Amino acid sequence: MPVPFQNEPFTDFGAEGNQTLFKNALRMVESELGKHYPLIIGGKEIETKTKAISINPSQKDQVIGSLSQAGEEQAEQAIVTAQAVFEHWRYTTFTERARYLFKAATLLRRRKHEFSAWMVYEAGKTWGEADADTAEAIDFMEFYAREAQRLAQPQPLVHIEGEDNELYYVPLGVGVIIPPWNFPLAIMAGMTTAAIVSGNTVVLKPASTTSVIAAKFIQLLIEAGVPSGVVNFIPGAGSEIGDYLVDHPLTRFISFTGSREVGLRINERAAKTAPGQRWMKRVIAEMGGKDAIIVDEGSDLTAAAEAITASAFGFAGQKCSACSRAIIHESVYDEVLSKVIELTRKLKVGSPLQPETNVGPVIDPHAFRKIQDYIKIGRTEGEIVLGGKAEINDGYFIEPTIIAGVSPTSRVSQEEIFGPIVAFTKASSFQEALRYANNTEFGLTGAVFSRNRTHLEQARSLFFAGNLYFNRKCTGALVGVHPFGGFNMSGTDSKAGGRDYLLLFTQAKLVSEKY
Ligand SMILES: NC(=O)c1ccc[n+]([C@@H]2O[C@H](COP(=O)([O-])OP(=O)(O)OC[C@H]3O[C@@H](n4cnc5c(N)ncnc54)[C@H](O)[C@@H]3O)[C@@H](O)[C@H]2O)c1
Ligand SMILES: N[C@@H](CCC=O)C(=O)O
């Protein structure tokens, strides 16, 4: 029996030894840059004519790797293969499948810095952000393996005389896994391994900008002994093969994490029944956020300012959980704003190869332009009191930007920007602050800084967010501790890293025998 689940500790990079180990990992990864990665379908490496390269967002002339790209032909092959392999994988036990995850988690722990180093290069993560991403990937596998063991146990049922009743969880079928680039290891690995430990087989289409990390993870699963065809790896553009995978009659479920726009498209298409399709497709869709931190009068303003700064600018604001709105009681607005400006000024923007960097690049030119456009909009909707400069030099760097005096209905308060920008809004009362916080179509994370018990209780029931935090930042959910997912246009609230998650990849079967 495994020991009870515990979160993987984060690396203390203040310790000399850890700095050296991480620098060695960065050097090792640098020596591996530029390699080529094939598709993997049914355990076979497959090359296609179309190749795409993945680049380093902080040094855009540096190629991380090239990948063969799947078209519809390979998407078809992957789904048919996954369906064939499902016919025996579905009858393996939860306990057996859990062992693959325990093994993979152990292998990943041994190569922790190497995987984090790949994220520094390919996703532009700082050392700390990359380390947390790898730790979360380990956590997901350790946690879901234990959850699988729990689901393997007899489920409690009411006993009636003369009958033997049992309820089992059985898998669904072929799943299409579509992860985002911003947690390129943790979310991708969590979505994939939750599906397979539940007895499904999958087709994994990684996010294009971070496909090399996904390819490395697939190699790790192979090393862990996951049988051929259980995970089929098909890098490719979502716009090219996404619809094909979603629409396919053999697709039983789609597990998606990404933007609202793509999530809604998938949900709509999955609702249509294709000829020959024998089930209603299940869609698990985790989408965007427009997350707010409320600061009440009388709260710890220094802690609030630290939390706003960390939540807004960690990983350059490229988190669905990022604080993009700071809603501050008018009596403490000026003080909180000046504290956040002061803290943000100290943030070092630059290459994440350097350990002292706090804010790295944004992911690609598309994101760069989009964020730049929002800075322009922000200039008309409020006052840019810090930052605002966006420059493409070696990479796609944008200064942490604070826009003050923003109306809660303005575009920068309503639309997900997904970059290092936070909008400050003044509220005349705590109730007004709560109304502003709830006034978007999203409902992912949120935080409240208050010492007022009545206000905290009000927020507990009225603040409409899947992950609500009091007197702490609104990013950094831990597996098992803070199951993660949001309301409304933030998605289906799947609660990744929670006890309900694996149920989404199973269906319950009741067998009743009369004696
Ligand atoms: N709620 C959460 O848990 C969570 C976690 C991380 C990121 N996100 C959200 O993800 C977004 C950022 O990630 P992104 O830029 O990768 O999102 P995205 O929607 O652009 O892409 C997500 C994935 O969908 C694929 N895709 C694109 N078009 C497709 C189509 N037509 N059919 C099928 N797949 C398609 C992409 O290739 C990628 O793999 C943000 O909105 C962020 O808030 C949410
Ligand atoms: N789970 C992460 C966010 C994932 C989305 O980007 C957090 O809690 O900060």
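As the structure lists them, so they are numbered: ligands from 1, and atoms in each ligand from 1. Bear in mind that the values here come from a model prediction, so they are computed numbers and not experimental data. Just so it is clear, the values below take in all heavy atoms, side chains as well, and ignore hydrogens, waters and symmetry mates.
Regarding atom 33 (C) of ligand 1, its nearest protein heavy-atom neighbour is Gly242 CA, 3.4 Å. Atom 17 (O) of ligand 1 has Ser259 N, 3.3 Å as its closest protein atom, hydrogens excluded (heavy atom only). Nearest protein heavy-atom contact of atom 37 (O) of ligand 1 is Lys205 NZ, 2.9 Å. Given atom 27 (C) of ligand 1, the protein heavy atom at minimum distance is Gly238 CA, 3.8 Å. Nearest protein neighbour of atom 42 (C) of ligand 1, counting heavy atoms only, is Phe418 CE1, 3.3 Å. Residue, atom and distance of the protein heavy atom nearest to atom 29 (C) of ligand 1 are Val262 CG1, 3.5 Å. Here the heavy atom of the protein found nearest to atom 40 (C) of ligand 1 is Glu416 OE1, 3.5 Å. Annotation: atom 13 (O) of ligand 1 to nearest protein heavy atom, Pro180 CB, 3.5 Å.
Of all the heavy atoms of Lys319, none lies under 4.0 Å from any atom of ligand 1, so neither backbone nor side chain is involved. Here Leu245 has no heavy atoms under 4.0 Å from ligand 1, in either its backbone or its side chain. At a heavy-atom cutoff of 4.0 Å, ligand 1 is contacted by no atom of Val246, backbone or side chain. When non-hydrogen atoms are compared, ligand 1 lies under 4.0 Å from the side chain of Phe256 (C-beta onward) but not from its backbone. Looking at Met287 against ligand 1, only its backbone comes within 4.0 Å, counting heavy atoms.
By the 4.0 Å N-to-carboxylate-O rule, Glu268 lies too far from Arg265 to be salt-bridged with it. The pair Lys216-Glu114 fails the salt-bridge criterion, with no side-chain N (NZ, NE, NH1 or NH2) lying under 4.0 Å from an Asp/Glu carboxylate O. Salt bridge annotation for Arg109-Glu8: present, with a cationic side-chain nitrogen under 4.0 angstrom from a carboxylate oxygen.
The ligand atoms of ligand 1 that sit less than 4.0 angstrom from a heavy atom of Ile266 are 33 (C). Heavy-atom proximity to Ala207, at under 4.0 Å, picks out these atoms of ligand 1: 39 (O).
Under a cutoff of 6.0 Å and an axis angle of 45°, Lys125 and Phe183 form a cation-pi pair.
The nearest protein heavy atom to atom 21 (O) of ligand 1 is not closer than 4.0 Å.
Using a 4.0 Å cutoff on heavy atoms, Pro179 counts as a contact of ligand 1. Within the structure, the closest approach of Asp243 to ligand 1 falls below 4.0 Å when heavy atoms are considered. Assignment of Phe484 to the shell around ligand 1 is supported, since a heavy atom sits closer than 4.0 Å.
Counting heavy atoms only, Gly258 comes closest to atom 10 (O) of ligand 1 of the residues Ala496, Gly258, Gly485. For atom 4 (C) of ligand 1, the choice among Ala237, Cys320, Ser490 with the nearest heavy atom turns out to be Cys320.
For a heavy-atom separation below 4.0 Å, the residues in contact with ligand 2 are Asn182, Phe183, Lys319, Cys320, Ser321, Thr475, Gly476, Ala477, Phe484.
If you take CD1 on Ile213 and CD on Glu122, they are separated by 4.0 Å, rounding to the nearest 0.5 Å.
Two residues are said to be in side-chain contact when any heavy atoms from C-beta on lie closer than 4.5 Å; Phe143 and Asn7 fail this criterion.
With sequence neighbours left out, Pro171 forms a side chain to side chain contact (heavy atoms under 4.5 Å, CB included) with Phe86, Arg90, Asn200.
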